[in-house]
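Here's the structure, in structure tokens; my notes come after.
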Amino acid sequence: MSITAIRGFNDILPEEAELWRRIEEESVNVFASYGFSEIKAPIVERTELFLRSIGETTDIVEKEMYTFLDRNGDSLTLRPEGTAPVVRAYIEHRLYECPVTKLYYAGPMFRYERPQKGRYRQFYQIGAEVLGDASPKADAETLEMLMRLFETIGLKGAVLQINSLGCPGCRPAYKELLYAFLLERKESLCVNCIRRMDTNPLRALDCKNPGCIEATKDAPPIAESLCADCAGHFRAVQSTLGRLGIEASINKRMVRGLDYYTKTTFEITASGLGAQNAVAAGGRYDGLVSGLGGPETPCFGFAMGIERVALLLKENGFLKRRPLSVFIAMGDEAELKGVELLREWRKKGIRIVEDFSEGSLKSRMKRADRIRARYALILGTDELRHGEITVKDMTTAGQERLKWEIVADRISSAEGY
RNA sequence: GUGGACGUAGCUCAACCGGUUAGAGCACUGGACUGUGACUCCAGUGGCUGGGGGUUCGAGUCCCCUCGUCCACCCCA
């Protein structure tokens, strides 16, 4: 084995890439029907963008970023998530001059983590952001869109959990309350939670350590500390979801790993992914745009992990014969005529490859089968003389000799081609 | 960053307590079948046992180091 891909960075081979393309196509279709347009932001940004958006004390920033100095000495970072770059572009190009902007993006993200099932160092997300809409209906409608997407691509068993994290108006008071509560039970908390008590006590609610779960069982719920605005917003999200027929359970322990979230947060999980069971997650981030120097702009967004969706979809995947023909010429003259014919047939949209191998017809037929082609087109000396070609359907084993002129029509009208 | 499992042919795996020339299935190539794939039968190609060091008369097997994969923790999509 000579040079291999680096750890956590994977090749997506054609069979899987096709599945990915289906996921992306369906996503784009659904997003478009809700009025989203695509934005393509760079993969590398100034490190500062992520420090200021994600938060300096988050795990992502503290230990997971691919950060390096470029030749000028600027600190740059491979994007660990998609929202911050989108918001940066939104501000930079003054897209806020439009009252509501709905954007989606797709592409690779990078986090330096130990790879495991459903988690890689380069991973792909499709995400969408609604910028400039404060209404709880925007939250609910976007969630409905996501659930619809999962339904259309055939992903089964997606479960939606929601929570509200409050806003800068009410969260500080809650943090105090929770801090006091945790302080009383400090002995039973894990070291991690004790360390984070001062900076981000909410993380203790999310901790999976049995001691912490037990200790925080009766912690004061955020819901009771929300200000009138946040509480009303949360109720409205729930009732709108109800009217849209979307089931959502409230998970009052759910805390996101990024600092910019406010009010609604959510996570969609599915079984079959191992420990990494979230397929999509996101929430509202009303303070991010202004925090990065733009105008006050309430926003809601999410990101979906393509690897994880693909992992779940692969369970009911099967190999199909591809809409592809293989051209097999017997002899030099037939080969010469072949390139001419292929040129015409391809012009008519027939997907076709030529088998240039020297082997017997038998071995060449075998190759055609191996690449799972639908048709084998055999041009021998007799066919050549008559202006015909033998067309064999590899799925039915039936074959017929056709005049060159009608081959393209015959093939393209076949079902599944 | 931490813990556990595992690295043997292209793939999936076998090889007893350390013992002769490391095997099988699948795949690949050819033949049975002169121009017809899949099913069947026969034959053949294919290995620095991840890499390095050590113990031993002898290492795929035991010990150490290293690299890698997987799973879990942490965290997250």
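The chains referred to below are lettered A, B, ... by the order of the sequence lines, with proteins before strands, and numbering in each begins at 1.
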Worksheet item: Does the side chain of A/Glu64 pick up a donor-acceptor pair with the side chain of A/Tyr66 at under 3.5 Å?
Response: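 Not at all, the side chains of A/Glu64 and A/Tyr66 share no donor-acceptor pair under 3.5 Å.
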
For the [atom1] atoms, the ones on [N] and on [M], what distance do you get once it is rounded to whole angstrom?
{"N": "B/G58", "M": "B/C41", "atom1": "P", "value": "45 Å"}
{"N": "B/U45", "M": "B/G3", "atom1": "C1'", "value": "44 Å"}
{"N": "B/G60", "M": "B/G19", "atom1": "P", "value": "10 Å"}
{"N": "B/C74", "M": "B/A27", "atom1": "P", "value": "44 Å"}
{"N": "B/A43", "M": "B/U12", "atom1": "P", "value": "26 Å"}
{"N": "B/G25", "M": "B/C17", "atom1": "P", "value": "25 Å"}
{"N": "B/C26", "M": "B/C39", "atom1": "P", "value": "10 Å"}
{"N": "B/U21", "M": "B/C65", "atom1": "P", "value": "31 Å"}

Worksheet item: Between A/Thr396 and A/Arg367, who's closer to the 5' end of RNA chain B by nearest nucleotide?
Response: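 Its nearest nucleotide lies further toward 5', so the answer is A/Arg367.
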
Item to complete: Please figure out whether A/Pro115 or A/Tyr261 has its closest RNA chain B nucleotide nearer the 5' end.
Response: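 Here A/Pro115 is the residue nearer the 5' end.
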
Looking across every strand, which nucleic acid part, if any, lies under 4.0 Å from [X] by heavy atom: base, sugar-phosphate, or nothing?
{"X": "A/Thr381", "result": "base"}
{"X": "A/Ile60", "result": "nothing"}
{"X": "A/Ala376", "result": "nothing"}
{"X": "A/Ile6", "result": "nothing"}
{"X": "A/Ser363", "result": "sugar-phosphate"}

Selected nucleotide, minimal atom distance to [X] side chain, candidates [options]:
{"X": "A/Lys63", "options": "B/G35, B/A77, B/C74", "value": "B/C74"}
{"X": "A/Glu64", "options": "B/C75, B/A77, B/C71", "value": "B/C75"}
{"X": "A/Ile378", "options": "B/A77, B/C75, B/G35", "value": "B/G35"}
{"X": "A/Arg203", "options": "B/C75, B/G37, B/A77", "value": "B/C75"}
{"X": "A/Lys117", "options": "B/C71, B/A38, B/U36", "value": "B/C71"}
{"X": "A/Glu113", "options": "B/C75, B/C74, B/C76", "value": "B/C75"}
{"X": "A/Asp59", "options": "B/G35, B/A77, B/C74", "value": "B/C74"}
{"X": "A/Ala303", "options": "B/U36, B/C76, B/A77", "value": "B/A77"}
{"X": "A/Arg370", "options": "B/C28, B/U36, B/C75", "value": "B/C28"}

Presence of donor-acceptor pair under 3.5 Å, side chain of [X] and base of [N]:
{"X": "A/Arg308", "N": "B/C76", "answer": "yes"}
{"X": "A/Lys362", "N": "B/U36", "answer": "no"}
{"X": "A/Arg114", "N": "B/C75", "answer": "no"}
{"X": "A/Glu383", "N": "B/G35", "answer": "yes"}

Ignoring backbone atoms, test whether [X] places a side-chain nitrogen or oxygen under 4.0 Å from the OP1 or OP2 oxygen of [N].
{"X": "A/Arg401", "N": "B/G35", "answer": "no"}
{"X": "A/Arg256", "N": "B/C76", "answer": "no"}
{"X": "A/Gln116", "N": "B/A72", "answer": "yes"}

Discussion item. I want to check something: taking the side chain as every heavy atom from C-beta on, are A/Phe302 and A/Leu143 in contact at a cut-off of under 4.5 Å?
Written reply: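 No. Closest side-chain heavy atoms not under 4.5 Å.
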
Worksheet item: Mind checking whether A/Phe50 and A/Pro85 have side chains closer than 4.5 Å, heavy atoms only?
Response: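 When only atoms from C-beta onward are counted, A/Pro85 and A/Phe50 do touch, with a gap below 4.5 Å.
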
Item to complete: Can you tell me the pairing partner of B/U61 across any strand shown, Watson-Crick or G-U wobble, with both distances under 3.5 angstrom?
Response: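 Because no pair has both required distances under 3.5 Å, B/U61 counts as unpaired.
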
Item to complete: Verify, without hydrogens or angle tests, whether A/Lys337 (side chain) and A/Leu384 (backbone) share a donor-acceptor contact under 3.5 angstrom.
Response: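 The answer is no, because no donor-acceptor pair under 3.5 Å joins these two groups.
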
Worksheet item: Should A/Asp382 and A/Arg385 count as an ion pair when the cut-off is N to O under 4.0 Å?
Response: yes

Fill in: Whether A/Phe300 and A/Phe266 hold their rings parallel, tilted or perpendicular, with breakpoints at 30° and 60°
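If you compare the ring of A/Phe300 with that of A/Phe266, the planes turn out parallel.
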
Practice prompt. Can you measure from CD (A/Glu344) to CD1 (A/Ile350) and round to the nearest 0.5 angstrom?
Written response: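 With rounding to 0.5 Å, CD (A/Glu344) is 12.0 Å from CD1 (A/Ile350).
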
